[in-house]
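Please read these numbers as outputs of a predicted model, since none were measured by experiment.
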Protein chains: 2
Amino acid sequence: MLRQAGVKVTQPRLRVLSCLLEAQAALSHAEIESWLSAEDAGELDRVTLYRVLDSLVGCGIASRSLDARGVFRFMLKSMQLAHAEHAHFHCQRCGRVFCVASMPVPTPSLPTGFVGISVALEISGLCPPCA
Amino acid sequence: MLRQAGVKVTQPRLRVLSCLLEAQAALSHAEIESWLSAEDAGELDRVTLYRVLDSLVGCGIASRSLDARGVFRFMLKSMQLAHAEHAHFHCQRCGRVFCVASMPVPTPSLPTGFVGISVALEISGLCPPCA
DNA sequence: ACACCAGATGCAACATTGTTGCATCTGGTG
DNA sequence: CACCAGATGCAACAATGTTGCATCTGGTGT
């Protein structure tokens, strides 16, 4: 993936990628950091992780979004596409994101001249543990 | 408004409220702070401003949302309600936001245990001039 | 008009998230 | 194998938001 995207294949990038590949949901910087620090390979520098994530987003491998607390979360672009069809629930307290399969994203009906590229249906509130 | 909401009527709250009443858009903490510091009455403590905003949101007078950078912005609930029922279109090129009256926000149908507080339908794309 | 007190304010210190500068290291290329 | 653009690691900084605590004040009962 990295080679295809035209960026250098480095240890940190491979580790972060494998993390995103395994993830079930969009991960925050802090979550990736603690996940990686549990590995044998040891910790990854905080700043390096920020820059690795920037580069993955920049070359189109990953996508960046905001959770309800205003924290950036990352997921593979390929996975993100699979989540474009239903709503997402953002917990205002813990920041976790849940898929709401029961709420499909409506097809855009835009005024003439507007070109829709993506639609997102975002619900804010409290998840069961936090409520 | 404050008395009706059942909270104490204090100087800081009145100053922040008048600020929000005049505002054309949702304001960030920093914007309100610099606006207030230009007044004759002098500066308002940073922390007090956070707590005033919390109390206004808590008693239902104001509402809190996130901008694209992950910064909280505040506006009067009365103004926000006028925008809660329809979708918003964000132009990826010029950044402008348009109301899409033709796309109503669906009523949430959440799994048991989840408490929904707000729903937003956000479309990204290109507006007529940019397309 | 006065005293009281829950809640609001102001200050200091801290926490979290994200960024910048710079010296060093390394993946890819010739 | 040597080179170098770009990646990494470290330190310091910046922006945003939170907590603890002493003091002050708006509202209420007297």
Exercise. What is the distance, rounded to the nearest whole Å, between atom CD of A/Q11 and atom P of C/dG28?
Worked result: 11 Å
For this session: Among the candidates D/dT16, C/dT9, C/dG27, find the nucleotide nearest to the side-chain atoms of A/T10.
Result: C/dG27
Exercise. Of the nucleotides D/dG17, C/dA8, D/dG6, which one has an atom closest to the side chain of B/H29?
Worked result: D/dG17
For this session: Send over the distance from B/R15 CZ to C/dG10 C1', rounded to a whole Å.
Result: 14 Å
Exercise. Between the two ends of the helix from C/dA1-D/dT30 to C/dG30-D/dC1, what is the bend in degrees, rounded to 10 degrees, where each end axis spans five pairs?
Worked result: 30°
Problem set entry | Side-chain ion pair, B/R46 and B/E33, N-O less than 4.0 Å | no
Seminar exercise, completed: The residue, B/V9 or B/V71, whose nearest nucleotide of DNA chain D is more 5′ is B/V71
For this session: Measure distances between side-chain N and O atoms of A/R69 and base N and O atoms of C/dG18, and say whether any donor-acceptor pair falls under 3.5 Å.
Result: no
Problem set entry | Spacing between A/D54 atom CG and C/dG18 atom C1', to the nearest angstrom | 9 Å
For this session: Name the residue closer to the 5' end of DNA chain D, choosing between A/L44 and B/F74 according to the nucleotide with the nearest heavy atom.
Result: A/L44
Exercise. Counting any heavy atom closer than 4.0 Å, what does A/V7 reach on the DNA or RNA strands: base, sugar-phosphate only, or nothing?
Worked result: nothing
Exercise. Which of parallel (below 30°), tilted (30 to 60°) and perpendicular (above 60°) describes A/H86 and A/H88?
Worked result: tilted
For this session: Starting from P on D/dC24, measure out to CG on B/D45 and report it in whole angstrom.
Result: 15 Å
For this session: Tell me whether B/V71 is reachable from B/L49 by hopping between hydrophobic residues (I, L, V, M, F, W, Y) whose side-chain heavy atoms are closer than 4.5 Å.
Result: no
For this session: Calculate, to the nearest 0.5 Å, the distance between atoms CG and CZ belonging to A/L126 and A/R96 respectively.
Result: 12.0 Å
Problem set entry | Any donor-acceptor N/O pair under 3.5 Å between C/dG10 base and B/R51 side chain | yes
Exercise. The side chain of A/V47 lies closest to which of these nucleotides: D/dT16, C/dT20, C/dG18?
Worked result: C/dT20
Exercise. Under a 4.5 Å cut-off applied to non-hydrogen side-chain atoms, are A/L110 and A/V115 in contact?
Worked result: no
Seminar exercise, completed: Taken to the nearest whole Å, CD1/B/I32 to C1'/D/dG17 is 14 Å
Exercise. Honestly, is A/R64 close enough over A/F74, meaning NZ or CZ under 6.0 Å from the six-membered ring centre and within 45° of the axis?
Worked result: no
Problem set entry | 5' precedence on DNA chain C between A/G70 and B/P12 (nearest-nucleotide basis) | B/P12
For this session: For residues A/C19 and A/W35, report the shortest heavy-atom separation together with the two atoms involved.
Result: SG-CD1, 3.0 Å
Problem set entry | Polar pair under 3.5 Å, donor/acceptor by atom type, side chain B/R64, base D/dG17 | no
Exercise. Atom CG of A/L53 to atom P of D/dA7: distance rounded to whole Å?
Worked result: 14 Å
Exercise. In whole angstroms, how far is the C1' atom of C/dT16 from the CG atom of A/D67?
Worked result: 13 Å
For this session: Spell out yes or no: do the side chain of B/R46 and the base of C/dG10 have one donor N/O and one acceptor N/O closer than 3.5 Å?
Result: no
Exercise. What's the NZ-C1' distance between B/K8 and D/dT25, to the nearest Å?
Worked result: 6 Å
Problem set entry | B/S102 side chain to A/S109 backbone, donor-acceptor under 3.5 Å | yes
